[in-house]
Amino acid sequence: QPEKDVAMAKEHRAVLVVDDDLDLLSMMEAYSAAKVTLWSLPAMVSGLQKVAQGMPDVILLDMKLPDMNAWEFARESGTGSTPRAIIALL
């Protein structure tokens with residue numbers, strides 16, 4: 001599966017959305033289906049695992065989730081030093 005994700009990401013822009021609001025994740029998936037490769041995950045830890053497999057072009061984060069906040073995610077993932085965008089949602 002990771003190889004398929006990486007191949008798809010090269011064809012489309014890859015967006016990682018991490019939020020515990022499952023309705024928001026479903027809406028994002030429905031809206032972006034043909035436009036971008038979208039990885040939607042409900043926890044920061046699973047988001048970190050996805051970033052370890054390959055850096056998306058954009059990361060949309062819930063500012064504060066039970067397992068960690070957006071700033072901790074940026075530090076743990078090493079995205080603070082890469083030319084990628086992190087957008088924190090409140």
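Being a predicted model, the structure only gives us computed values, none of them experimental.
- Side-chain atoms of Leu61 and Met44, non-hydrogen and from C-beta on, do get closer than 4.5 Å to each other.
- Every residue two or more places apart in sequence or in another chain that forms a side chain to side chain contact (heavy atoms under 4.5 Å, CB included) with Leu41 is listed here: Leu16, Ser46, Lys50.
- Ser77 has its side chain within reach of Leu48: a pair of non-hydrogen atoms, C-beta onward, lies under 4.5 Å apart.
- A search for side chain to side chain contact (heavy atoms under 4.5 Å, CB included) contacts involving Ser26 returns nothing, not counting sequence neighbours.
- Of all heavy-atom pairs spanning Val45 and Asp67, the tightest one is N-OD2, 2.9 Å.
- Distance check: Leu25 CG to Glu29 CD gives 6.5 Å after rounding to the nearest 0.5 Å.
- For Ala14 against Pro56, the heavy-atom pair with the smallest separation is O-CB, 3.6 Å.
- For the pair Met28/Leu60, a side-chain contact is recorded, criterion being any heavy-atom separation below 4.5 Å from C-beta on.
- Qualifying side chain to side chain contact (heavy atoms under 4.5 Å, CB included) partners for Asp20, counting only residues two or more places apart in sequence or in other chains: Asp62, Leu65, Pro66.
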